[in-house]
Amino acid sequence: MIQKLDDAARAALLARFPDWAHEPVRDAITRQFKFADFAQAFGFMASVAIIAEKMDHHPEWSNVYNRVDILLTTHDADGLSERDSRLAEAIEALV
Ligand SMILES: C[C@H](O)[C@H](O)[C@H]1CNC2=NC(N)=NC(=O)C2=N1
């Protein structure tokens, strides 16, 4: 079982990543990314996929043409953990 973030750590995470919204039902963070076209969106997804696999931490996401919707949460914690913070940081470094 992975440690879930406490309220203070969750607030710090949201302050650190202002473009991400908290989804309280899942205790997740979400962000929508928009690109020029499908090729750009899928290239981004390929980069995220490689990072996620290395981290052994994977996004829930969907793609429609130039849009990528990402939700991060930790299934093993039943909510947000440091692993989501690390993956969000890596995703932010790509955009
Ligand atoms: C066995 C493996 O470490 C786990 O299933 C990992 C894989 N990727 C994961 N990704 C996410 N988002 N949450 C998890 O709890 C999780 N667990």
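We count ligands from 1, going down the list as the structure has it; atoms in each ligand are counted the same way. Computed from a predicted model, the values in this text were never measured in an experiment.
- Residue Asp84 comes nearest to Gly79 through the heavy atom pair OD2-O, 3.8 Å, listed as atom of the first residue, atom of the second, then distance.
- In terms of polar-atom proximity, defined here as any N/O pair under 3.5 Å, Asp56 does make such a contact with ligand 1.
- A 6.0 Å sphere centred on CG of Asp78 holds no more than 12 heavy atoms belonging to other residues, nucleotides or ligands.
- Ring geometry, Phe44 versus Phe35: the interplanar angle falls from 30° to 60°, so the pair is classed tilted.
- Heavy atoms of Thr73 come nearer than 4.0 angstrom to ligand 1 in at least one pair.
- Per-residue contacts place Thr74 under 4.0 angstrom from the following atoms of ligand 1 (heavy atoms of the residue considered): 13 (N), 15 (O).
- Listed here is the closest heavy atom pair of Gln3 and Ser81: O-CB, 3.4 Å.
- If you check which protein heavy atom lies closest to atom 10 (N) of ligand 1, you get His58 N, 3.1 Å.
- Note on Asp69 versus Arg67: salt bridge recorded, some NZ/NE/NH1/NH2 to OD/OE distance being below 4.0 Å.
- For atom 4 (C) of ligand 1, the closest non-hydrogen atom of the protein is Asp76 OD2, 4.0 Å.
- When distances from atom 15 (O) of ligand 1 to the protein are checked, a heavy atom turns up under 4.0 Å.
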